[in-house]
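Proteins get letters first, then strands, A, B, ... in listed order; numbering begins at 1 in each. Because only heavy atoms are used, hydrogens play no part in the values below, and waters and symmetry mates are left out as well, while side chains stay in.
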Amino acid sequence: MRVQLDVDKCQGHNRCYVLAPELFDVDDLGQAILIVEGDLDPGLEGKARLAASNCPEYAITTTD
Amino acid sequence: MTEVSDHNAFQQKEARYSPEGSFGWERVKYDPDDYGPVSDWAKDFDHADPAYNPQAPNIWKDLRESGCPVAHSERYGGVWAPLTHELVTEVAYDTDNFSSRNVVVSTSRPGDLAQPAPIGAAPPITSDPPFHAIARRIMLAPFAPKQIDPWEDEVRSLCRNLLDELGDIKPGESIIDAATDYAQHIPVNVIGRMLGFPAEDEALFRGFVHSTLETINQPRDVRMDGFEKLAEYINKQVVDHVDNPRDDLTSYMLNAEVEGNQLSPEHVTGSIILLLIAGVDTTWSAIGSALLHLAENASDRQRLVEEPDVMTFAVEEFLRSYAPVTMARMVTKDQDFHGCPMKKDDWVLLPFPAANLDPEAFDDADSFVIDREENRHAAFGLGIHRCLGSNLARLELRIAIEEFIARFPNFELSGEAEWSVGQIRGPRVIPVRVLEVTS
């Protein structure tokens with residue numbers, strides 16, 4: 001599984017950083033930053049799905 | 001700029017501020033008789049009818065199920081209220097057709113000589129692109145998660161002190177008002193401290209918030225009286241910060257620069273008013289709704305007491321089910337919106353709380369699911385105006401609940417709750433009988 005962040009859609013709701021800090025950080029203005037690349041560790045796939053399904057702006061997607 | 005001229009700049013602006021602009025106009029002559037009880041929510045919608053907030057979820061559901069996704073009213077000179085997640089999202093994202101110039105529906109509109117869009121009277125909430133991004137960027141930094149998280153200890157100690165001040169509580173006997181004895185005091189104290197305003201002015205702040213948000217169907221003169229007192233107070237605090245800078249949000253705004261220029265006095269004052277107004281009733285409402293829910297739903301209360309880890313999801317479900325904030329926009333030009341003939345300067349309400357209960361957007365939307373894992377709720381808005389204070393609001397909501405149930409693991413509703421009036425929805429009286437106290 002891979003996870004993608006559309007930074008243009010992110011409005012800084014901060015849900016991903018709270019639910020999946022292994023995958024997302026936030027900058028000084030509260031905008032999300034994706035901190036992983038490539039295929040996810042299988043142990044983090046649930047976190048990626050959780051982050052995606054709690055982003056109000058649909059800025060996070062996952063692909064299998 | 002010298003200190004003296006800084007000082008004068010604020011003095012001269014005294015009492016000229018109004019969130020609706022200094023030169024508002026009434027599209028239709030205000031007549032109190034026009035604002036009687038609503039009998040038809042589809043064609044005579046009025047969110048300031050006292051019957052609205054207590055039963056709003058049923059009104060939204062009835063309207064959606066009867067094939068009315070957008071309610072309308074001639075009140076306030078013309079208001080529309082989209083009630084589905086899809087339509088609320090569309091309006092929130094469309095800043096060309098729907099201006100944020102004024103976000104609180106009332107009997108008057110900002111006049112041509114008032115602060116024009118894109119700046120508005122309380123930037124950035126009243127700003128449109130492109131100025132919006134400039135004003136917002138300044139205020140994003142102090143409200144970013146890593147700036148807000150360190151407030152946790154102070155918020156927790158504030159909550160504990162409020163619980164201590166309730167005095168001697170006898171389980172099974174003592175009745176407290178969870179709204180006015182507890183929830184009400186939390187956000188007003190936190191934002192007052194962040195702004196660096198005197199703690200003893202708490203009751204004054206609350207009066208300003210009330211006059212801005214709960215007098216929307218009063219004559220313009222009544223509202224202007226309230227705004228003038230608010231402006232006078234804020235100017236006094238700002239002048240004090242000009243003379244005595246310190247490490248708080250007011251001094252931060254006074255020192256903020258855009259391309260090397262300080263912000264205008266109107267911008268600083270407007271943004272401070274935004275923080276004071278937007279941060280108080282909203283969060284108070286969210287905390288109150290959560291406590292009311294827990295007083296009425298023993299199994300959810302028990303789950304939180306026994307499984308504290310559920311709180312991460314519970315906070316979001318409280319926000320989804322009981323979102324306090326409905327925003328508003330002004331239509332920028334005549335247009336057809338999904339069959340609705342909208343006219344320039346019509347109001348459009350953005351009922352995010354209604355969007356959150358739309359079954360097209362959420363599974364089992366009417367049910368409160370305390371550990372709901374998929375929750376893209378819109379309690380803090382959608383698009384470029386996402387609530388600046390959302391990280392702070394979440395922190396206050398979580399800690400207020402944690403501390404309340406830590407002190408009172410068991411409690412029940414002991415009478416009728418009473419609800420707010422207007423765009424901010426939350427209980428204003430929550431009679432609670434305490435059944436268990438931990439020392």
Tell me, for [X] versus chain A, whether the close heavy atoms (under 4.5 Å) come from the side chain, the backbone, both or neither.
X      : answer
B/N391 : side chain
B/I148 : neither
B/A141 : both
B/R394 : side chain
B/F143 : neither

Can you tell me if A/N54 uses its side chain to pair, donor with acceptor, with the backbone of B/N375 under 3.5 Å?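 Here the side-chain-to-backbone pair exists.
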Side-chain (B/R386) to main-chain (A/G12) donor-acceptor, under 3.5 angstrom: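 Looks like yes, one N/O pair under 3.5 Å.
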How many angstroms lie between atom [atom1] of [X] and atom [atom2] of [Y], to the nearest 0.5 angstrom?
X     : Y      : atom1 : atom2 : result
A/L29 : B/R137 : CG    : CZ    : 5.0 Å
A/H13 : B/L382 : NE2   : CG    : 5.5 Å
A/E57 : B/Y93  : CD    : OH    : 3.5 Å

What option among B/L140, B/T89, B/L388 has the most heavy-atom pairs under 4.5 Å with chain A?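 Most heavy-atom pairs within the cutoff with chain A belong to B/L140.
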Find the one option among B/A144, B/A378, B/G383 whose heavy-atom pairs under 4.5 Å with chain A are most numerous. B/G383
Could you tell me which non-hydrogen atom of A/G30 sits nearest to which non-hydrogen atom of B/P145, and how far apart they are? CA-CD, 3.7 Å
Minimum heavy-atom distance B/E373-A/S53, with the two atoms named: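 The answer is O-OG, 4.0 Å.
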Neighbour count above 12 (heavy atom, 6.0 Å) for [X] [atom1]:
X     : atom1 : result
A/D39 : CG    : yes
B/E86 : CD    : no
A/E37 : CD    : no

Side chain, backbone, both or neither: which part of A/D28 has a non-hydrogen atom closer than 4.5 Å to chain B?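 Just the backbone, heavy atoms under 4.5 Å.
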Min side-chain heavy-atom separation A/L19-B/F313 under 4.5 Å: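 Yes. Closest side-chain heavy atoms under 4.5 Å.
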B/H377 versus A/P56: any side-chain heavy-atom pair under 4.5 Å? no
At a heavy-atom distance under 4.5 Å, which candidate from A/R49, A/Q31, A/Q11 has the highest pair count against chain B?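 Counting heavy-atom pairs under 4.5 Å, the top option is A/Q11.
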Apply salt bridge (Lys or Arg N to Asp or Glu O under 4.0 Å) to B/E316 and A/R15, showing your working. CA-CA 10 Å; B/E316 301 307 317; A/R15 300 289 295 125; 3.4 Å; yes
